[in-house]
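One structure is given below, encoded as structure tokens.
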Amino acid sequence: MAKDKTLFTCSECGGTSPRWLGKCPACGAWNTLVETVAEAGPGKNRLSAPQGYAGLAHAQPVMPLAAIDAQDVARTPSGIDELDRVLGGGIVEGGVVLIGGDPGIGKSTLLLQAMDALQRAGLPTLYVTGEESGAQVALRSRRLGIEGSQVQLLAEIQLEKILATVEATQPAVVVIDSIQTTYSDQLTSAPGSVAQVRECAAHLTRMAKGTGIAVILVGHVTKEGALAGPRVLEHMVDTVLYFEGDTHSQFRLVRAIKNRFGAVNEIGVFAMTEKGLKGVSNPSAIFLSQHAEPVPGSCVMVTLEGTRPMLVEIQALVDTGGPSPRRLSVGLDKDRLAMLLAVLHRHAGVACMDQDVFVNAVGGVRISEPAADLAVMLAITSSLRGKPLPRGFIAFGEVGLAGEVRPAPRGQERLKEAAKLGFSVAVVPKANAPKKPIEGLTLHAVERVEEAMNVVRGL
Ligand code: TYD
Ligand code: MG
């Protein structure tokens with residue numbers, strides 16, 4: 001078989017070059033040429049047909065949407081409840097899942113546990129390891145207490161060999177650990193390069209769709225927090241899961257950021273133990289740092305991502321800064337922090353211009369919802385004044401540029417969860433205040449930032 005030729009294609013204009021060049025010869029853009037495979041054979045991908053297209057290809061049958069049998073996708077629960085929750089019920093036939101996260105966070109551990117559970121449930125599985133040797137994976141399985149596991153293992157990084165093995169062994173689920181170590185013979189670039197990652201993922205996706213085999217790809221995260229390699233990977237797959245959490249703490253979150261077969265922003269919570277990852281079915285209080293006495297700069301909020309409310313402590317430290325004070329946030333959006341500081345100054349008269357401001361969401365969680373705004377502001381003010389918020393205090397609500405406090409979705413549920421965990425004072429947006437009082441919770445409903453500051457000063 002003639003080997004497919006490699007070409008370098010400009011991601012801006014589609015122009016091609018047989019060699020890699022810094023500058024695209026067609027459009028002049030810099031650093032846009034990416035290695036691609038040009039399929040052997042004449043006329044492929046060329047869409048210019050002066051005599052019409054009938055000579056190039058046969059017309060394909062079409063049918064109305066109503067005539068298509070819309071079966072619900074068949075899902076197989078992985079046997080790990082917290083993982084099934086983020087997957088939307090389980091592994092889908094022919095579905096492709098990308099699971100990303102920092103090194104050492106537990107991707108391989110979770111997948112090995114899941115594969116073992118699936119194998120025990122009678123599903124043939126294949127675990128392809130490119131990062132570790134078979135012996136290392138076996139060692140991990142001993143640690144996990146699944147040494148008798150029948151999960152099939154393949155230590156291989158060449159895509160063509162992996163695909164041939166999959167074809168020969170016909171598993172129901174394949175794990176590729178990781179997509180960055182996999183390389184295709186068709187390309188000359190190194191494993192882990194944009195071109196290799198994209199090409200390998202495209203082949204594996206095509207295989208999954210063609211055969212109904214579910215594929216789980218492990219991806220690394222770059223320092224910037226994006227999945228290494230092209231973002232295009234995220235478009236190619238059906239589901240994107242992200243591992244979050246502080247590797248130094250015990251808890252890990254798995255978040256669905258895209259899911260064609262289920263809800264997004266659902267989260268699964270795990271604890272890393274001596275014997276692998278264990279699901280935490282009631283996670284609402286794990287992100288609190290349990291101070292003996294209230295301390296300045298700490299404010300608890302209730303987040304609601306997915307279906308479960310969780311209490312998360314937001315910490316702030318405001319300290320005298322140098323000539324260009326720093327603004328740093330961990331687990332919260334940095335731009336949003338700058339915005340909130342401006343709103344604080346303008347609408348509540350709290351100035352941090354000459355101060356370093358650090359904010360942190362405890363336990364390595366990432367909070368993307370704006371409902372954290374009010375808690376961030378209260379934590380900052382509390383640190384600046386050196387005055388702790390009262391014991392059992394929570395706050396949540398989005399803050400707008402005009403200083404208004406906007407409601408958070410499903411406020412009642414958040415408040416109920418806080419009350420259940422013994423919180424007794426809450427500052428919340430007016431529109432979130434329930435009509436009936438919640439037992440044990442004193443509510444302060446506010447419409448503006450300055451109002452919230454006044455309420456807190458009087459507590
Ligand atoms: P791993 O799954 O190898 O991470 P990734 O594949 O995301 O790089 O996770 C390894 C970490 O988890 C490592 O630091 C050791 C720890 N660990 C446990 O604490 N308990 C266990 O049972 C196992 C298997 C790993
Ligand atoms: Mg790993």
Side-chain angles (χ1 to χ4, degrees), residues 78-83 86-87 97-120 125-149 151-157 162 173-183 191-192 196-197 200-201 204 215-229 233-234 237 239-257 267-280 283 286 363-366:
S78 68
I80 298 178
D81 292 345
E82 292 293 306
L83 180 63
V86 275
L87 286 172
V97 179
L98 174 65
I99 177 155
D102 290 328
I105 199 145
K107 301 180 292 296
S108 307
T109 304
L110 179 64
L111 291 178
L112 193 58
Q113 286 179 275
M115 287 306 102
D116 181 63
L118 284 168
Q119 182 77 38
R120 278 174 211 272
T125 55
L126 177 65
Y127 193 104
V128 182
T129 170
E131 304 207 326
E132 293 162 301
S133 66
Q136 280 171 308
V137 180
L139 205 64
R140 177 177 294 130
S141 75
R142 305 274 184 284
R143 194 167 170 188
L144 296 173
I146 53 168
E147 54 267 50
S149 178
V151 173
Q152 300 296 306
L153 196 81
L154 171 69
E156 183 54 64
I157 56 171
I162 294 172
V173 192
V174 183
V175 169
I176 307 288
D177 189 0
S178 67
I179 190 70
Q180 271 96 3
T181 50
T182 313
Y183 79 97
Q196 285 285 8
V197 168
C200 293
L204 289 161
V215 175
I216 304 176
L217 307 174
V218 175
H220 290 266
V221 170
T222 57
K223 279 209 204 80
E224 292 75 43
L227 281 174
L233 261 192
E234 291 187 5
V237 301
T239 306
V240 179
L241 305 183
Y242 254 107
F243 247 106
E244 288 173 13
D246 194 342
T247 33
H248 307 295
S249 94
Q250 184 193 8
F251 296 108
R252 308 279 191 276
L253 295 187
V254 178
R255 190 189 298 269
I257 59 165
I267 54 178
V269 185
F270 294 93
M272 181 61 93
T273 68
E274 271 305 297
K275 291 195 151 210
L277 288 159
K278 294 251 156 39
V280 179
I286 61 177
V365 249
R366 242 171 252 159

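Along the sequence shown, the residues carry numbers beginning at 1. All ligand and atom numbering here is 1-based and tracks the order in the structure.
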Which side chain to side chain donor-acceptor pair (under 3.5 Å) pairs, counting each pair once, include a residue from residues 138-148, with sequence neighbours left out?
-> Glu132-Arg140
Would a 4.5 Å heavy-atom cut-off, applied to side chains only, mark [X] and [Y] as touching?
X	Y	result
Leu277	Met272	yes
Thr182	Ile157	no
Asp177	Leu111	no

The number of protein N, O or S atoms lying under 2.8 Å from the Mg ion (ligand 2) is 1
Does [X] reach the main-chain N or O of [Y] with its side chain, forming a donor-acceptor pair under 3.5 Å?
X	Y	result
Gln180	His220	yes
Arg252	Ile105	yes
Lys107	Gly101	yes

Does atom CD of Gln152 have more than 12 heavy-atom neighbours from other groups under 6.0 Å away?
-> no
Only pairs at least two apart or in different chains count here, so list each salt bridge (charged side-chain N to carboxylate O under 4.0 Å, His left out) that has a residue in residues 109-119.
-> Asp116-Arg120
Pick out the protein N or O atoms lying less than 3.5 Å from any N or O of ligand 1, and list each pair with its distance.
{"residue": "ligand 1", "atom": "2 (O)", "partner": "Ser108", "partner atom": "N", "Å": "3.3"}
{"residue": "ligand 1", "atom": "2 (O)", "partner": "Thr109", "partner atom": "N", "Å": "2.8"}
{"residue": "ligand 1", "atom": "2 (O)", "partner": "Thr109", "partner atom": "OG1", "Å": "2.6"}
{"residue": "ligand 1", "atom": "3 (O)", "partner": "Arg140", "partner atom": "NH2", "Å": "2.8"}
{"residue": "ligand 1", "atom": "4 (O)", "partner": "Gly106", "partner atom": "N", "Å": "3.1"}
{"residue": "ligand 1", "atom": "6 (O)", "partner": "Ser108", "partner atom": "N", "Å": "2.9"}
{"residue": "ligand 1", "atom": "6 (O)", "partner": "Ser108", "partner atom": "OG", "Å": "2.6"}
{"residue": "ligand 1", "atom": "7 (O)", "partner": "Ile105", "partner atom": "N", "Å": "3.4"}
{"residue": "ligand 1", "atom": "7 (O)", "partner": "Gly106", "partner atom": "N", "Å": "3.1"}
{"residue": "ligand 1", "atom": "7 (O)", "partner": "Lys107", "partner atom": "N", "Å": "2.8"}
{"residue": "ligand 1", "atom": "7 (O)", "partner": "Lys107", "partner atom": "NZ", "Å": "2.9"}
{"residue": "ligand 1", "atom": "8 (O)", "partner": "Gly104", "partner atom": "N", "Å": "2.7"}
{"residue": "ligand 1", "atom": "20 (N)", "partner": "Arg143", "partner atom": "NH2", "Å": "3.3"}
{"residue": "ligand 1", "atom": "20 (N)", "partner": "Thr273", "partner atom": "O", "Å": "2.8"}
{"residue": "ligand 1", "atom": "22 (O)", "partner": "Glu274", "partner atom": "O", "Å": "3.0"}
{"residue": "ligand 1", "atom": "22 (O)", "partner": "Gly276", "partner atom": "N", "Å": "2.7"}

